[in-house]
> 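Below you will find the structure I want to go over with you.
Both backbone and side-chain heavy atoms feed into the values below; hydrogens, waters and symmetry mates do not. What you see is a predicted model; the values in this text were computed from it and never measured.
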Amino acid sequence: MERRQWLQLMAVLSATQTVPAQPPERPPTPKFSRDQVTSALQLLGLEFTESQVDAMLPGLGRAVADYEKLRKIDIPLDTEPAVSFHPGLPGRQPKAGPSRFTPLARPAPAKKTWSSVEDLAFAPVTELSALLRARLVTSTELTRMYLDRLKRFGPKLLCVITLTEEVALRQAKAADAEIRAGKYRGPLHGVPYGLKDLFATKGIRTTWGAEPFQDQVPDYDCTVYTRLKKAGGVLLGKLSMGALAQGGLWFGGMTKTPWNLELTSSGSSAGSAASTGAGLVGFAIGTETRGSIISPSIRCGTVGLRPTYGRVPRTGAMGLSWTMDKVGPICRSVEDCALVLNAMYGPDGHDRTVTAAPFHWEPRQPLGRLRVGIAQKSFDQMAAGESKDVYLKAIEDLKQAGVKLTPVEVPDSMAGALGLILTAEAATAFDDITRDGRVSQLKGQASGDWPNTFRTARLIPAVEYLRAQRARTILVEQMEKFFDNWDVVVCPPFSSLGSTNLTGHPQVVVPCGFVKGMPQGLSFLGRLWEEGAPLRVALAYEQATKWHLQRPPLA
């Protein structure tokens, strides 16, 4: 072979040789010691051998690197996780069809029966709407009256964050013009109301009651506000809420109940309940994750409705727990709640959790058609004294109203162990401000307040969170099978609060008496998507008593 050919062959062979393998990549230097990992495992109730822990260290190092990459992704606060919760059993959907909505007719008086428009401050929506439609009072008159009361009593109750006076007067003027022209939109047309300050309102501060967000101004309207505007409602203001939807403490102070200025109105729909109970608004909108409508409604002597999970769109509302948050009305009468819910419910094309189920409100439905249970053991377990006497009297009044009660036991034994679902999701929602330290700006920094809860929740394992969600599925199955036999259950307001918030069942609470000057509440649970049934039984109780007509000393 010639030299030239030999050199060419060597060049070809050299080019086709396999590139030597790269030296094996060194495992990342562990960021944790064996003792640190062992201590962390003890928090989780786990014990591994030393060799097993050593084998974990490189993987933990890689996981931390992934966590750091994940935290650099900009995720807007209104972004929901790609998981969802659907109440009820698989394949069981609410019955389709048109809603049956036949509210009670309340004719307006032939002439004015009040000396001052402020005499109407505590009138329910049912009465206000009749007067507005009959043009015995104008929306502008009602709006000016409520704005004045908000200015007078709001600072005492610390129940208002932003007064929307200009918006309210403009909306009231438009409502009056439409009513005069015969363009009546329905029972909320011209009725002034307030929004819990976690609902986005374009160009209006939406603070979430929290210092880090007190200057936040959205550039869009939430679905609830859009629908209430369409119904003709008049927005008076954004009402106080516990910071990031916990309790009654916000950056302006602690919201008070109008029944005792030394006590909080509870929360987190603190301002919504306080302003409704004090006659500062015609009605208000709140939210509940685990008691945030029911609890302040009791404290303030109002009627609160927590609808079925997925009944009202949460689009544009601050998210706390994506699988538990619900939107509902706080009013001065049972039928008011039905009227307000009717204006808000149904899919909006954005909130994936909302189901297209009809809402039936039939206040003339015979009570004998409803299967009503009573959580008798829960009532029996209440301590003797004034509180027990109030509930004994409430149960007797309910029976006298024609409600047949059968003792039942609501399946809620596992609910307490599932509380980490809420805390894990809440900590996720506000992880950014936990990491950058802004959560330390909140007034509440005690062990039970969100800042500490958010920090503590960082140690909830994903495995335990998902196990809790699986256990929740079992609870849903138990509750649905239970409600196969019952339409309504009467119970103390807090006895099944945790379980029904987890399963998504609706709850109504109404005032039923007083203990040491403070209102007490009677609760009615219902089947999924059938709020009309507990509302119907609650209406029977309301019509048989006068507790909802009591006025607090503040007003």
Side-chain angles (χ1 to χ4, degrees), residues 102-154 160 163-194 228-229 231-237 258 275-284 300-303 329-340 342-343 363 511 539 542-543 545-555:
T102 55
L104 297 171
R106 283 183 168 71
K111 59 180 181 179
K112 292 183 179 181
T113 58
W114 57 92
S115 58
S116 167
V117 70
E118 192 164 3
D119 295 340
L120 302 175
F122 288 88
V125 172
T126 51
E127 182 178 339
L128 294 176
S129 63
L131 296 174
L132 285 162
R133 189 172 191 180
R135 294 166 59 182
L136 290 174
V137 70
T138 67
S139 178
T140 300
E141 289 174 322
L142 289 176
T143 298
R144 291 189 183 280
M145 178 269 292
Y146 280 128
L147 287 170
D148 179 66
R149 288 178 64 82
L150 284 164
K151 292 174 184 177
R152 279 190 287 149
F153 299 116
V160 186
L163 203 64
T164 56
E165 185 168 5
E166 183 178 334
V167 171
L169 292 173
R170 182 172 66 249
Q171 292 178 349
K173 182 179 178 181
D176 288 334
E178 288 183 336
I179 293 172
R180 283 195 303 269
K183 298 178 181 178
Y184 187 64
R185 300 192 187 194
L188 302 187
H189 200 177
V191 178
Y193 72 98
L228 290 174
K229 280 196 293 185
V234 174
L235 179 64
L236 294 166
S275 59
T276 303
L280 312 187
V281 295
F283 66 91
C300 297
T302 60
V303 180
I330 296 177
C331 303
R332 285 191 286 271
S333 81
V334 170
E335 186 160 61
D336 284 7
C337 286
L339 298 177
V340 177
N342 191 54
L539 177 66
E542 183 180 89
Q543 291 173 331
T545 60
K546 303 295 181 184
W547 298 117
H548 67 293
L549 300 178
Q550 301 296 311
R551 299 183 179 185
L554 174 74

> Checking Leu169 against Arg144 for the side chain to side chain contact (heavy atoms under 4.5 Å, CB included) test, could you report, in this order, the C-alpha distance in whole Å, the side-chain angles of both residues, the deciding distance, and whether it holds?
CA-CA 8 Å; Leu169 292 173; Arg144 291 189 183 280; 3.9 Å; yes
> For Asp176 and Glu141, what are the C-alpha separation, side-chain angles and deciding distance, and is it a side chain to side chain contact (heavy atoms under 4.5 Å, CB included)?
CA-CA 10 Å; Asp176 288 334; Glu141 289 174 322; over 6 Å; no
> Run Leu132 and Val137 through side chain to side chain contact (heavy atoms under 4.5 Å, CB included) and show every step you take.
CA-CA 5 Å; Leu132 285 162; Val137 70; 4.1 Å; yes
> Using side-chain heavy atoms (C-beta onward) and a distance below 4.5 Å, is Leu104 in contact with Gln543?
yes
> What distance separates Leu339 CG from Cys337 SG, expressed to the nearest 0.5 Å?
9.0 Å
> Only counting residues at least two apart or in another chain, list the ones meeting salt bridge (charged side-chain N to carboxylate O under 4.0 Å, His left out) with Asp148.
Arg152
> Please report the closest heavy-atom contact between Ala284 and Thr276, naming both atoms and the distance.
CB-OG1, 3.4 Å
> Using a 4.5 Å cut-off on heavy atoms from C-beta on, say whether the side chain of Val191 contacts that of Leu142.
no
> Working to the nearest 0.5 Å, report the span between CG of Asp336 and CG of Leu188.
9.0 Å
> His189 and side chain to side chain donor-acceptor pair (under 3.5 Å): which single residue from Arg133, Glu178, Lys183 fits?
Glu178
> Mind checking whether Val303 and Ile330 have side chains closer than 4.5 Å, heavy atoms only?
no
> Could you tell me whether the side chain of Leu136 reaches within less than 4.5 Å of the side chain of Pro109, counting heavy atoms only?
yes
> In chain order, what residues pass the side chain to side chain donor-acceptor pair (under 3.5 Å) check against Ser139, with sequence neighbours excluded?
none
> Should Tyr193 and Leu235 be marked as a side chain to side chain contact (heavy atoms under 4.5 Å, CB included) after you check the CA-CA gap, both sets of side-chain angles, and the distance that decides it?
CA-CA 5 Å; Tyr193 72 98; Leu235 179 64; 3.9 Å; yes
> Got Leu128 and Phe283 here, is their nearest side-chain heavy-atom distance under 4.5 Å?
no
> Mind checking the CD-NZ spacing from Gln171 to Lys229? Nearest 0.5 Å is all I need.
7.0 Å
> Return the CG to CZ distance between Leu147 and Arg149, rounded to the nearest 0.5 Å.
12.0 Å
> Who passes ring-ring contact (aromatic ring centres under 6.0 Å, His included) against Tyr146, sequence neighbours left out?
none
> Just so I know, are the side chains of Val281 and Pro192 near enough to count as touching, which here means a heavy-atom distance under 4.5 Å?
no
> To the nearest 0.5 angstrom, please state how far the NZ atom of Lys112 sits from the CG atom of Asp119.
11.5 Å
> Counting C-beta onward and ignoring hydrogens, is there a side-chain heavy-atom pair between Val167 and Arg170 closer than 4.5 Å?
yes
> Look up atom CG in Leu280 and atom CZ in Phe122, then write down how far apart they are to the nearest 0.5 Å.
7.5 Å
> Sequence neighbours excluded, which residues qualify as salt bridge (charged side-chain N to carboxylate O under 4.0 Å, His left out) partners of Arg106?
Glu335
> Are there over 12 heavy-atom neighbours, none belonging to Arg185, within less than 6.0 Å of that residue's CZ?
yes
> So for atom NZ, which belongs to Lys173, do other residues, nucleotides or ligands contribute more than 12 heavy atoms lying within a distance under 6.0 Å?
no
> Checking the side chain of Thr302 only, and the main-chain atoms of Arg332 only, is there a donor and an acceptor separated by less than 3.5 Å?
no
> Determine the minimum heavy-atom distance between Val234 and Ala168, stating which atoms define it.
CG1-O, 3.3 Å
> Is the closest side-chain heavy-atom distance between Pro124 and Cys331 below 4.5 Å?
no
> Tell me every residue that passes side chain to side chain donor-acceptor pair (under 3.5 Å) with Ser116, counting only those two or more places apart in sequence or in another chain.
none
> Looking at residues at least two apart in the chain, or sitting in another chain, which of them share a side chain to side chain contact (heavy atoms under 4.5 Å, CB included) with His548?
Pro511, Glu542
